[in-house]
Amino acid sequence: MDLRELPLRERKKARTRQALTETALRLFTEKGFDQTTLDELVDAVEVSKRTFFRNFPSKEDVALAADTELWSTFLSEVDTMQVRGLVLDAFLTALRASLERMDDGWDARFLATRALCGLTPAVEAHSLRYCNETTQAAFARMGARLGLDPGDVRLKLVIEVAVAAWRHAALSWAAAGGQQGRAGLRRRLDEAFAAVPESIALTSGG
């Protein structure tokens with residue numbers, strides 16, 4: 001998102017949030033998540049703890065800001081996009097559109113977050129919990145749009161498959177050091193979704 005499109009007050013809030021996120025990831029990477037205190041973080045950004053808690057509920061949440069930026073955008077895409085054809089394709093379209101809306105610095109923040117998750121069980125656990133909450137939100141929103149029963153297993157499974165495809169693409173991209181930038185992430189995402197039908201039809205020769 002281009003901050004210049006926002007009103008002045010919102011631009012200031014967005015810049016503070018971005019400064020907190022980038023500084024937190026730098027400190028967590030340099031010193032370790034547990035070794036970095038909240039006092040050190042707010043002092044480095046020159047804001048108060050009150051300002052921090054207006055933006056993030058916890059240290060884990062600021063560490064995962066890149067995730068929440070993407071998935072909150074994804075949910076807004078799900079709310080407004082036209083859904084025709086395969087629902088799995090609709091989720092891929094929403095994910096690709098969400099990636100396009102991320103700012104230029106998102107890639108670096110996302111890669112830093114993935115590295116931090118690999119080193120910090122508390123952040124990884126928070127990430128998995130957030131992923132589950134987002135999956136449930138996507139199920140509820142898409143189910144309402146399609147007029148499906150809340151217990152419809154088909155929609156639950158297609159969402160789980162979409163999340164698994166995204167996770168494979170994102171983790172493999174991160175493991176490769178963000179190779180080819182966001183274009184590389186989009187390519188891996190397309191490949192993962194394209195592999196779904198063949199994966200489901202996979203059989204054993206035994």
Side-chain angles (χ1 to χ4, degrees), residues 1-2 21 60-61 63-115 117-118 123-176 178-203:
M1 177 183 294
D2 189 341
T21 300
E60 288 83 1
D61 287 290
L64 293 170
D67 289 38
T68 56
E69 289 168 24
L70 177 68
W71 289 105
S72 62
T73 302
F74 169 80
L75 290 176
S76 71
E77 289 286 339
V78 169
D79 283 340
T80 58
M81 69 183 298
Q82 293 186 345
V83 182
R84 293 194 179 97
L86 293 175
V87 173
L88 184 67
D89 290 344
F91 280 114
L92 174 58
T93 298
L95 273 169
R96 286 182 61 91
S98 300
L99 285 172
E100 289 298 322
R101 290 173 59 184
M102 296 297 99
D103 63 68
D104 292 340
W106 179 85
D107 300 43
R109 296 195 299 274
F110 183 79
L111 290 171
T113 297
R114 297 279 66 76
C117 284
V123 178
E124 174 67 7
H126 205 77
S127 175
L128 292 173
R129 184 163 59 251
Y130 176 73
C131 179
N132 180 64
E133 292 171 354
T134 304
T135 300
Q136 296 305 315
F139 171 71
R141 295 184 188 200
M142 184 62 81
R145 293 202 57 191
L146 298 177
L148 295 176
D149 184 271
D152 196 301
V153 68
R154 297 169 301 169
L155 183 58
K156 287 186 176 181
L157 288 176
V158 77
I159 291 175
E160 293 287 353
V161 168
V163 170
W166 157 258
R167 184 169 176 81
H168 168 78
L171 292 182
S172 64
W173 180 69
Q179 193 175 55
Q180 298 179 332
R182 203 171 304 177
L185 176 55
R186 288 194 297 268
R187 178 180 59 78
R188 291 172 187 268
L189 184 64
D190 289 345
E191 290 173 350
F193 272 77
V196 168
E198 188 175 347
S199 299
I200 293 173
L202 187 65
T203 60

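- Side-chain atoms of Arg96 do not come within 3.5 Å of backbone N or O of Asp190 as any donor-acceptor pair.
- The distance from the CD atom of Glu198 to the CD1 atom of Ile200 is 11.0 Å, given to the nearest 0.5 Å.
- The pair Asp149-Arg154 fails the salt-bridge criterion, with no side-chain N (NZ, NE, NH1 or NH2) lying under 4.0 Å from an Asp/Glu carboxylate O.
- When every heavy atom of Asp61 is checked against every heavy atom of His126, the shortest pair comes out as OD1-NE2, 3.1 Å.
- Atoms CD and CG, on Glu124 and Leu64 in that order, are 9.0 Å from each other to the nearest 0.5 Å.
- Residues forming a side-chain contact (heavy atoms from CB on, under 4.5 Å) with Val78 (at least two apart in sequence, or on another chain): Phe74, Phe91, Ala94, Arg141, Met142.
- The shortest distance between side-chain heavy atoms of His168 and Glu191 does not fall below 4.5 Å.
- A pairwise comparison of heavy atoms in Thr73 and Met102 identifies OG1-CE, 3.3 Å as the closest pair.
- We find the CD-CD1 distance between Gln136 and Ile159 to be 8.0 Å, quoted to the nearest 0.5 Å.
- Taking SG of Cys117 as the start and CG of Leu171 as the end, the distance is 9.0 Å to the nearest 0.5 Å.
- Put simply, CG on Leu70 and CZ on Arg101 are 10.5 Å apart, with the number rounded to the nearest 0.5 Å.
- The nearest pair of heavy atoms linking Thr113 to Ala63 is OG1-O, 2.9 Å.
- Side-chain contact check for Gln180 versus Arg188: every heavy-atom pair is 4.5 Å or farther apart.
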May I have the step-by-step check of side chain to side chain contact (heavy atoms under 4.5 Å, CB included) for Phe110 and Leu99, ending in yes or no?
-> CA-CA 11 Å; Phe110 183 79; Leu99 285 172; over 6 Å; no
Side chain to side chain contact (heavy atoms under 4.5 Å, CB included) between Trp71 and Leu95, intermediate numbers included = CA-CA 9 Å; Trp71 289 105; Leu95 273 169; 3.7 Å; yes
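- Looking at Trp173, its side chain does come within 3.5 Å of a backbone N or O of Gly181 through a donor-acceptor pair.
- Looking at every heavy atom in both residues, Leu185 comes nearest to Ala170 through CD1-CA, 3.9 Å.
- Take Glu69 and apply the salt bridge (charged side-chain N to carboxylate O under 4.0 Å, His left out) test, not counting sequence neighbours, and it matches Arg109.
- Between Asp152 and Phe139, the shortest heavy-atom contact is O-CE1, 3.8 Å.
- Considering every non-hydrogen atom in both Thr68 and Ser72, the closest pair reads O-OG, 2.8 Å.
- To the nearest 0.5 Å, atom CG of residue Leu75 and atom OG of residue Ser98 are 8.5 Å apart.
- Distance alone, capped at 3.5 Å, is enough to place a donor-acceptor pair between the Trp106 side chain and the Ala66 backbone.
- Within a 6.0 Å radius of CZ in Arg187, more than 12 heavy atoms belonging to other residues, nucleotides or ligands are found.
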